[in-house]
Structure formats: structure tokens, C-alpha cells
Peer 1: 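Structure below; questions to follow.
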Protein chains: 2
Amino acid sequence: MPRSLVLKLERDGPLSFAEKEVALGLPEHIRHVPARGDIISDGGSSDALSLITEGFACRYKLLDDGRRQILAFLVPGDFCDLRSLLLHQMDAAVAALSHCQIASIPHQRLFDAMEKHTRLALALWRETMFDAAISQQWLINVGRRSAYARLAHLLCEVWFRLQTVQHAHDRFFDFPVTQTDLADALGLSVVHVNRTLQHLRADGLLTFRASVVTVLDWPRLREAGQFDPAYLRHRVSTLEPSQDGKSHR
Amino acid sequence: MPRSLVLKLERDGPLSFAEKEVALGLPEHIRHVPARGDIISDGGSSDALSLITEGFACRYKLLDDGRRQILAFLVPGDFCDLRSLLLHQMDAAVAALSHCQIASIPHQRLFDAMEKHTRLALALWRETMFDAAISQQWLINVGRRSAYARLAHLLCEVWFRLQTVQHAHDRFFDFPVTQTDLADALGLSVVHVNRTLQHLRADGLLTFRASVVTVLDWPRLREAGQFDPAYLRHRVSTLEPSQDGKSHR
DNA sequence: CGTACGATTGAGAGACTTCAACAAACGTGG
DNA sequence: CCACGTTTGTTGAAGTCTCTCAATCGTACG
């Protein structure tokens with residue numbers, strides 16, 4: 001079922017047939033969460049991972065004063081709580097943006113699979129790093145770019161990520177978020193997001209209606225966001241074990 | 001030599017004697033980098049990890065227009081480029097803030113060690129997650145907090161992290177950064193950092209002279225930064241392999 | 001058809017920035 | 001050990017990006 005997960009894990013080099021089988025067989029069950037529903041709550045702990053197989057979600061943190069910072073947008077193939085595998089407690093919550101299909105993978109089952117298939121373990125570790133790389137870009141975005149650039153950069157990122165799981169078209173993609181969501185992701189106010197969006201539209205860079213983003217001018221959008229997709233294109237290092245199953249040298 | 005690394009890895013539960021021996025024996029050689037020197041350059045790839053054994057450093061990214069975003073402060077026991085282990089190319093640079101002692105650990109040697117000592121591999125994977133958790137706090141900080149709170153939060157974080165590697169005293173700690181560094185870390189201008197710092201001083205929360213931060217009022221500082229150290233205190237999940245060497249429940 | 005949520009607009013306020021200058025601290029060479 | 005140049009810290013003032021408040025509009029939905 002989690003075809004998008006395999007697609008994602010394979011972006012760095014193909015998995016073996018056996019590994020794919022294992023990955024596809026990991027989920028214990030599937031659950032459905034309506035738009036706006038909670039997928040993971042903050043502070044909790046669990047003994048299973050949640051993997052998005054369909055739909056959009058966001059990881060976020062609520063502050064004392066009620067403000068919210070969205071930390072990541074999650075698309076099919078993304079784990080909601082990979083960190084809970086080794087850190088016993090979630091430090092953020094996850095909510096569905098659209099209707100979501102969530103596959104549940106027991107930690108234990110994953111540990112067992114990783115023991116047999118080293119490369120699977122490495123692929124998941126790499127996912128952790130990949131997630132961190134995206135988070136790092138967000139920090140740069142919020143820390144040092146104008147509202148205009150932030151929005152442009154974010155939309156580029158989402159398109160690229162959807163692309164790798166075959167959920168994006170050349171010139172448009174689904175992105176079921178409200179302007180409030182965008183504001184909380186970019187560290188801006190709703191009002192300002194609204195105006196910045198208008199600015200982008202007026203400049204003929206894109207269209208954003210009914211949860212669909214249509215990119216009208218890729219080159220200029222990428223330039224506006226100073227977007228360099230290098231961080232989303234990870235090639236594998238040459239050193240790590242590359243044989244199937246038990247590995248070494 | 002990398003005693004601080006062992007201290008850090010053990011914050012989640014003790015390593016075995018054998019594991020400690022391995023960890024301590026990993027570095028191939030030590031190198032020295034003067035303050036302001038480059039430790040890792042952006043975009044490069046390497047076949048060895050750099051571990052800080054002494055001194056302070058920062059990971060940062062330069063933007064097209066010359067602006068800089070500091071992504072993390074690195075203290076003894078921190079890896080500069082753990083991500084390079086699985087992602088073949090660095091997506092940020094690392095520079096020394098003070099004179100640094102850097103231990104070099106060949107990727108290959110680490111892979112070999114992890115194969116024998118599963119728990120070491122997990123400890124390192126956990127480091128990746130830990131790093132991401134800190135980065136996440138920075139995003140919240142920059143995205144949703146005032147300059148005053150950002151500074152307070154950052155200083156709390158640094159103290160806590162220094163504490164776990166026994167490099168902090170109760171009421172003060174070394175922090176060899178310029179106000180420009182702080183500005184680039186917090187997404188602010190130098191001028192504003194200067195004024196915010198004065199504000200913190202005037203409020204009697206701290207002192208910051210000659211690269212030494214002295215905290216005068218912990219409760220108020222923590223409150224000002226809405227600082228909750230939970231994310232820096234990782235307990236181990238109960239499921240993962242806990243025996244030495246070959247593992248399982 | 002009313003309610004509710006999201007998008008949009010206007011206007012005033014504020015946090016933070018930029019520019020520019022000066023003072024203090026620091027390191028270095030003579 | 002002092003002189004000098006460079007870096008870092010500090011201050012003032014003007015500007016602007018972004019925010020908050022508040023009202024209006026549109027649209028989906030029961």
C-alpha cells in the first residue's frame with residue numbers, strides 16, 4: 001500500500017525486491033482521519049509509526065500564548081513521527097490538512113525488519129536526515145527571507161516533494177491549505193500572506209484557487225524564492241553497505 | 001579523547017564498556033582550527049566525520065545576497081557533519097567560533113563499528129534526531145517569538161547543552177560569539193540584537209561580557225524565552241534493542 | 001436562508017531594519 | 001609597551017516591512 005514510501009526511499013537508489021516486499025508489508029493497519037483531525041498529539045508517546053499514504057498533513061507546535069508554528073507539511077510517503085522511534089516522546093503534534101489515509105507500522109515490526117535488512121535501516125535513517133534538511137531550509141526561509149521569497153520558496157519545495165511521489169503535475173498541484181496555515185508555516189500574519197499571495201499573482205508567477213496551485217512562470221518563481229532543489233536530491237554516499245541483507249566490507 | 005561525545009551519547013542510557021572503548025577509539029586524527037576558520041565548507045563531500053572535541057562552532061548557510069543564517073551552534077561532543085554520512089553532499093558550512101579541536105572519524109570506520117555494535121548505530125541515529133529537534137526549536141523561535149524571547153530561549157538552550165557535556169557552570173558559561181553571530185542565528189539585525197541584549201541586561205536577567213554569559217535570574221530568563229527543556233532531555237524508548245551487540249528483546 | 005469559515009481590504013501601529021557615525025576593545029607590529 | 005588598524009559594540013534617526021484590529025465579502029453547507 002505505501003507505494004509512495006517506496007518511491008521516496010528509492011530516490012537514492014533502488015531497493016532490492018525483498019526489501020520492497022518488506023517495506024510494503026510493514027503496515028499493520030490503515031486508519032482514516034478527516035480534514036482538520038488530529039493524527040498525532042503533542043507530548044504523547046506511541047509504539048507505532050504513522051505513515052501518510054494519502055492526503056496532506058502538517059506537523060506543528062502550539063505556543064503558550066496560543067500561536068502556532070507549522071514545522072513541516074507532510075505528503076504521501078512521509079512519516080508523521082519518525083522521531084518517536086528513538087525519542088520516546090513527541091515534541092510536536094500532527095494534524096490532517098485534507099482527508100488522510102494513515103498506515104500504522106509498529107516500532108517492533110520495524111526494528112525486526114531493519115535487523116534483517118540493513119539497507120532499510122539506512123534508508124530510514126536517511127529519511128531522518130532528509131527531514132532535517134528540509135527543516136533547515138525552513139529556518140533559512142523564515143530567518144532571512146522576505147515574505148514574498150518565503151512563499152515562493154515554500155511552494156517550490158512542495159511541488160518538488162510531490163513530484164518525487166508522483167503527486168504533482170508539470171504546472172500545477174494540489175495544496176489544501178488555508179492562508180492561515182501558510183501564515184503559521186512562514187512565520188507571518190494571515191493578512192500579510194494574503195497580500196503577498198496577491199503580489200505573486202499580480203506578478204504572473206502563479207495562481208492559487210480552490211486548493212490548487214498553478215505555476216505560471218517557473219523560472220521566475222524559483223528565482224523569487226532563491227530556490228535551489230539540491231537539498232531535495234540526495235544521492236547515496238559510495239561507502240555504505242550496498243549488498244542485500246547482511247552487509248559489509 | 002572525545003569524552004564529551006560519550007557523555008552526550010550516554011545521556012539516554014549508559015553504553016557498555018566495549019561500546020565506550022569503540023567510541024573513544026574512533027577518531028583517526030585530531031586537527032586544530034583557529035577561531036573564524038572553516039571547518040567544513042558548503043557543498044563539499046567527504047569520507048570522514050568531524051567531531052568537535054574542544055571549542056565552539058556554528059553551522060551556517062550563505063544566501064545569494066550575502067546574508068547569512070546560522071543554523072546551529074556546535075559545542076564539544078557535537079558532530080559537524082553527521083548528515084554527510086548518508087547524504088553525499090553538505091548543504092551547509094561549518095565555521096569555528098573559537099579555537100577548535102576537531103576529531104576526524106572516517107565514515108568507513110564508523111560503519112564497521114556500527115555493524116558490530118547495534119546500539120552505537122542507534123545512538124548516532126538518535127543524535128540525528130536530537131539535532132533535528134533543536135533545529136525545530138529554532139524554527140519556532142524565529143518564526144513566532146519576539147527578539148527578546150528568541151535571545152532568552154537561545155541562551156537557555158546553549159546553557160543546557162553545555163551542561164550535558166560538563167562545560168557550563170551553574171550561573172555562567174562561555175559563549176564566544178559576536179552580536180553579529182547572534183543576529184544571524186536569530187534572524188535579526190545586529191543593531192536590534194544589541195538593543196535587545198541591553199534590554200535583557202536592564203531587566204536584570206543576565207550579563208554578557210567578554211564572551212561569558214552570566215545568568216542573574218534563571219526563572220525569569222526561562223520564562224522570557226518560554227523555554228521548556230523537555231526537548232533536550234531524551235529518554236530512550238523501551239522497545240529498541242537493549243542488549244549489547246546482537247539485539248532483540 | 002442563515003451560519004461559519006476563509007479570503008480580502010483599509011488604516012493605524014509597532015517591531016525591526018538600514019544607514020551612518022562613533023566609541024571601545026583587541027591584536028599586531030614596530 | 002605604545003601606536004595603529006581592525007573588529008566589535010553602541011547610539012541616533014529615519015524608514016519599511018509586517019502586524020493588529022476591525023470590517024466586509026464570498027462561498028460552502030446544513
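All chains are named by letter (A, B, ...) in the order of the sequence lines, taking the proteins before the strands, and each is independently numbered beginning at 1.
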Peer 1: Base, sugar-phosphate alone, or nothing: which one does B/A147 contact when heavy atoms must sit under 4.0 Å apart?
Peer 2: sugar-phosphate
Peer 1: Is the distance from the ring center of A/H167 to that of A/F173 below 6.0 Å?
Peer 2: no
Peer 1: In terms of side-chain heavy atoms of A/T178, which of D/dT11, C/dT8, C/dG6 is nearest?
Peer 2: C/dG6
Peer 1: Taking atom P of C/dT18 as reference, at what distance in whole Å does atom CG of B/D65 sit?
Peer 2: 10 Å
Peer 1: When the distance from CZ of A/R145 to P of C/dT17 is rounded to whole Å, what number comes out?
Peer 2: 17 Å
Peer 1: Pick base, sugar-phosphate or nothing for B/L197, based on heavy-atom distances below 4.0 Å to the nucleic acid.
Peer 2: nothing
Peer 1: In this structure, how many angstroms lie between the P atom of C/dA23 and the CD atom of B/Q179, rounded?
Peer 2: 18 Å
Peer 1: Would you kindly give the CZ-to-P distance between B/R36 and D/dT6, to the nearest whole Å?
Peer 2: 15 Å
Peer 1: Side chains of A/D42 and A/Y60: any donor to acceptor distance under 3.5 Å?
Peer 2: no
Peer 1: Judged by each residue's nearest nucleotide on DNA chain D, which is more toward the 5′ side, A/R150 or A/V191?
Peer 2: A/R150
Peer 1: With respect to the phosphate group of D/dG9, does any side-chain polar atom (N or O) of B/N194 fall under 4.0 Å of OP1 or OP2?
Peer 2: no
Peer 1: Ring centroid separation for A/W218 and A/F227, is it under 6.0 angstrom?
Peer 2: no
Peer 1: Among D/dT10, D/dT8, C/dC16, which nucleotide has an atom closest to any side-chain atom of B/S146?
Peer 2: C/dC16
Peer 1: In dot-bracket, 5' to 3', how would DNA chain D read with Watson-Crick or G-U wobble pairs under 3.5 Å, [ ] for crossing ones and | for pairs to another strand?
Peer 2: ||||||||||||||||||||||||||||||
Peer 1: Please determine if A/R11 forms a cation-pi arrangement with A/F130, meaning its NZ or CZ atom is less than 6.0 Å from the six-membered ring centre and no more than 45° off the ring axis.
Peer 2: yes
Peer 1: Determine the interplanar angle of the A/F175 and A/F73 rings, folded into 0 to 90°, and report it as parallel if under 30°, tilted if 30 to 60°, perpendicular if over 60°.
Peer 2: perpendicular
Peer 1: For D/dT11, does either OP1 or OP2 sit under 4.0 Å from a side-chain N or O belonging to B/Q198?
Peer 2: yes
Peer 1: Considering only heavy atoms and no angle criterion, is a donor-acceptor pair shorter than 3.5 Å present between the side chain of B/R209 and the base of D/dG9?
Peer 2: no
Peer 1: Over how many whole Å does the gap from A/Y148 atom OH to D/dT18 atom C1' extend?
Peer 2: 17 Å
Peer 1: What is the separation between atom CG on A/L182 and atom P on D/dT18, rounded to the nearest whole Å?
Peer 2: 15 Å
Peer 1: Would you kindly give the CG-to-P distance between B/L200 and D/dT10, to the nearest whole Å?
Peer 2: 13 Å
Peer 1: Which one, D/dT20, C/dG6, C/dT9, comes nearest to the side chain of A/R67?
Peer 2: D/dT20
Peer 1: Hey, is the side chain of B/R195 pairing donor to acceptor with the base of D/dG9 inside 3.5 Å?
Peer 2: no
Peer 1: Over all strands shown, is B/R201 touching base, sugar-phosphate only, or nothing at heavy-atom distances under 4.0 angstrom?
Peer 2: sugar-phosphate
Peer 1: Hey, is B/D78 close enough to B/K8 for a salt bridge, meaning N to O under 4.0 Å?
Peer 2: yes
Peer 1: In whole Å, what is the span from the NE2 atom of A/H192 to the C1' atom of C/dG10?
Peer 2: 15 Å
Peer 1: Check A/L74 against A/R161 and note the closest heavy-atom contact, atom names and distance.
Peer 2: CA-NH2, 4.1 Å
Peer 1: For B/R59, which of B/D81, B/D131, B/D91 qualifies under side-chain hydrogen bond (donor to acceptor under 3.5 Å, both in side chains)?
Peer 2: B/D131
